Amino acid sequence: MTANNNENTGSQYASKKPKTRRNVHPFKRDVRAKKVIRFNATEEDDHALYERLRTGNTATYKSLKSQADDLLKVRKTLPVFQHKREIMTYIESNPVTVLIGETGSGKSTQIPQFILEQLYDKKKHGSIAVTQPRRVAAINLATRVAQEHGSKLGDQVGYSVRFDNTTTARTRLKYLTDGMLLRELMMNSDLKEYSVVIIDEAHERTVLTDLILGFLKSLMQGTRPDLRIVVMSATLQAEKFSEFFDNAPILFVEGRKFDVTQYYLKAPTDDIVDAVIRCCMQINQGEQLGDILCFLPGQEEIDKAVAIMEKIAKYVSEESPVPLIVPYPLYAALPPMQQALVFAPIKGFKRKVVFSTNIAETSVTISGVKFIVDSGLRKVKVWRHQLGLATLLTVPISQASAMQRSGRAGRESEGKSFRLYCESDYLKLPKQSEPEIARSDVTSPVLMLKRYGIDDIVNWTWFENPGKEAIVMGLQELYELGALDNRGKITKRGEQMALLPLQPHLSSVLIKASEVGCLSQVIDIISCLSVENLLLNPSPEERDDINERRLSLCNAGKRYGDLIMLKELFDIYFYELGKSQDANSERNDWCKELCISLRGFKNVVRVRDQLRVYCKRLFSSINEENEETRKIGEDSDEISKILKCFLTGFIKNTAIGMPDRSYRTVSTGEPISVHPSSMLFLNKSCPGIMYTEYVFTTKGYARNVSRIELSWLQEVVTNGTAVAKQKITSSK
DNA sequence: GAGCACTGC
C-alpha cells in the first residue's frame, strides 16, 4: 500500500455527481481549483516519534526547552515537517482544508503545532481544538506535543477528556475527544474561543465525528464564517469531505510504513476458524520468526481458535523443529489482566499468535507483529428503528478495513498479510464501511440538535443524513420521553436531558428519580449501567460458580433482577469494602472472586461523582438531606419506586409473561428471551419484565432485566403512557 | 444457555 497504489483511486469517485446544495457557502470565493497535492516521504523509522519520553513535574523551563530541541531533530525528519510551508499556505488561504496523511506522516502532532506557531507569529487570538475519537489518543498526543513544544502539559498545550481536563487559561492548543467538543457546542454554541478546529481520524466516521462536521458547516454558514477547519483522515475518503465543505482542497502526505505483501485464498472457505488455524500453522512452518495477529469476528470464534491452537501447538513443535506457538485471545470483554498479556514480548524459540476482534484494528497496537491473518469478517451492531432493537451481525469488512488490518503488519518492518478470501471477493467488497450513523439509534443526536435550536432536523447540514425514518423515530422517542412537546419544541425536561452525560432514556429516568425522591439510589444504578464490561464474562469452567456467588450475594437482585443486583454489588464495593485500611486489595480480591472489573467499578465511582455534581446543579430544588446516600435494602416499596423510575424511560422495553413462561414484548408482541447473563435467567415467575437493552443475535434477548408488575405499566406517567396503555389493553 | 468497537461540561 504505497502511495502509488492510490494514484488512480481518485477516479472511483469521478463518476459521482456532486450533490446540489441549497445554500451558498460564504467561503466559496476563497476556494481554489480543486486538486490533490502529494508530498513524498523520506525513509525513517517513525517509532522515535511515539516512544514516550518522561517529563517530571519538577522539570525546569530549561530542561523542557532542551528536550524540545532534541525532539525537533526527530520532528524535522517527518514527512509533514518537510512540507510545512506548502501545507500552511493552503491552510491559511482556505477556510477548510482536507489533509490525507498516512500512518507515520506525523500529521496529528505536527499540523496543530504549525498552526499554533502561525497564531503566535501573526499575534492572532483564539485557540486550536484537535478532536480525537478516543480518550487515550487525545491524552497521548497532548502529552507528546507538550514535550515537543517545550511546555508543561496544561500550559500552551493540554487535553480535555471526560474526568480529566489539563487545560488552563493559558492553553492555546487543546486535544479533546469529539464527545467533549460536542459538549462544548451544547454550552457555547459558536465555539468562540477557537479560531481553528481540526477533526482528526475523520475517516473512522464515528457518530460523534459526523455530528461535529455537520455543526462546523452550519457554524461557518452562520455565526462563524471566520472559523478555520482542517479535516484530517488516514485513507482516501477525501472527496466526500471535500465535497461537503464546498470543494475544499485536498492535500496528500505520504506516510512512513513498510511494504506488506498480500496473499489470498484460491477458493473461499466456509469454516473460518479452521482456515485461520491452518494459515497460522503454515506461517509457523514456512516463515521467519515474528508474531501473528489474526482478525476474527467475535469472542466465540476467538475462544474456539485459542482452544484448538493450545491443543495443537505443543504437539506440532515436538514433532518438527518449528517455533512453539503461544496463542492469546484479545477482545474488550476480557479481564484487563488477560488483555495485558498480549503486549508482553515473547522470548525464545516461540511465536505469539493473537486472536483478536476489531479492537486491534484501531484501538490497540501490538508491537512485533509481522503477519496478519484476516478472516475478512467483523461484527456490527445494527439498529432497527421500527423494532427498537439492536441486531448483532457478522458481516464482511470493507476494503479500507482490510487495508487497515494488513497495515498492522508493516509498522516496524516489512510484513505479510494472509487474507482468507479470494482476491475477486476482495475487489467486490465496499470501498468503505457503512458509517456508524447510518445504522445507529439517533435519539441522542436528535436531542442534541433540538437543544442546539434546530427545528428542521431532516434538512439539517448532516454530513451523512441518517434518513427520515430514523429521525422520525428519534423524534417520536423524545416526545414519549417528554423531551419534546407536541409541536416538536424542546421542553424544560428535554433541556435537562440534553445536558446530562447519559443516553436520553437514562437521563429521563434520572429526572424522574429526582422528582420522586430516590435520586441517589438511581444514580448508583445508572452509573453501573454507564460502564461497559463491568461484569466480565467468566470462562465456561468458572461460569456456574461465579453465577452462584453473584446470586448468593444479592438477595434482592435475585428476586427483582439485574438493576437491583447492580445496586447491591455497588453497595458492597463502595460501602462495605471501602471502610478498611486495606480497601484496595480487599476490593481487588472481591472483584476477582466475582469476575467483576475493578477498573470498571472505579469508573462507576467517577461517573457517580459526575452525575451527583450535575444533579445538584440541575435539580436545585432538591433538598440534599432527603437525598442522603443510602444502601438498598430488601424493602419492596423502595425497590418498586426505583424500578418505576426506570419504567418511565424504558416503558417501550417491556414484555409480558405468557402462560408457557415465555415472554412477549408489549410493543410488538415478538417473543423475547431473558439473556443467560441475567439474574432472572432461571426465574420463570415474573408477571412482566423491563430491560434496558434488546439485542437480536441468535434470537431476541433482553439484557439488564428487571421484574415488573403489570399494574405498573398503567401508573407510569409520560407522553408515552397512552400508547403503552393501549397496547396493554389490546394484548390482553 | 451467551457477550463487535468506541465515547460524554
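Sequence lines set the chain letters: A, B, ... in the order given, protein chains first and strands last, and positions in each chain run from 1. Since the structure is predicted, the reported quantities are computational estimates derived from the model, not experimental observations. When reading the values below, keep in mind they use all heavy atoms of this one structure, side chains included, and skip hydrogens, waters and symmetry mates.
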*With sequence neighbours left out, write down each residue that passes salt bridge (Lys or Arg N to Asp or Glu O under 4.0 Å) with A:Asp374, or none if nothing qualifies.*
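A:Asp374 satisfies salt bridge (Lys or Arg N to Asp or Glu O under 4.0 Å) with A:Arg405 once adjacent residues are dropped.
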Categorize [X] for me: base, sugar-phosphate, or nothing, with a 4.0 angstrom heavy-atom threshold over every strand shown.
X        : result
A:Leu499 : base
A:Asn547 : base
A:Ile359 : sugar-phosphate
A:Leu182 : nothing
A:Asp544 : base
A:Thr362 : nothing
A:Asn358 : nothing
A:Thr177 : sugar-phosphate
A:Arg135 : sugar-phosphate
A:Tyr331 : sugar-phosphate
A:Glu300 : nothing

Euclidean distance, atom [atom1] of residue [X] to atom [atom2] of [N] [Å, nearest integer]:
X        : N     : atom1 : atom2 : value
A:Gln503 : B:dT7 : CD    : P     : 17 Å
A:Arg205 : B:dT7 : CZ    : P     : 19 Å
A:Leu181 : B:dT7 : CG    : P     : 16 Å
A:Ile437 : B:dT7 : CD1   : P     : 18 Å
A:Leu611 : B:dC9 : CG    : P     : 11 Å
A:Arg439 : B:dC6 : CZ    : P     : 13 Å

*May I ask you to establish whether A:Arg419 and A:Tyr426 are in a cation-pi arrangement, using a distance under 6.0 Å from NZ or CZ to the six-membered ring centre and at most 45° from the ring axis?*
yes
_Can you tell me how the ring of A:Phe215 sits relative to the ring of A:Tyr452, calling it parallel under 30°, perpendicular over 60° and tilted otherwise?_
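If you compare the ring of A:Phe215 with that of A:Tyr452, the planes turn out perpendicular.
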_Which residue lies more 5' along DNA chain B, comparing A:Ser444 with A:Gly298 via nearest heavy atoms_ =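 By nearest-heavy-atom nucleotide position, the 5'-most residue is A:Gly298.
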*Toward the 5' end of DNA chain B, which comes first, A:Arg134 or A:Met187, by nearest nucleotide?*
A:Arg134
*Could you state the interatomic distance from CZ (A:Phe646) to CD1 (A:Ile525), rounded to the nearest 0.5 Å?*
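If we round to the nearest 0.5 Å, A:Phe646:CZ and A:Ile525:CD1 are 4.5 Å apart.
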*Identify, with sequence neighbours excluded, every residue that meets side chain to side chain contact (heavy atoms under 4.5 Å, CB included) alongside A:Ser530.*
A:Leu502, A:Ile526, A:Val607
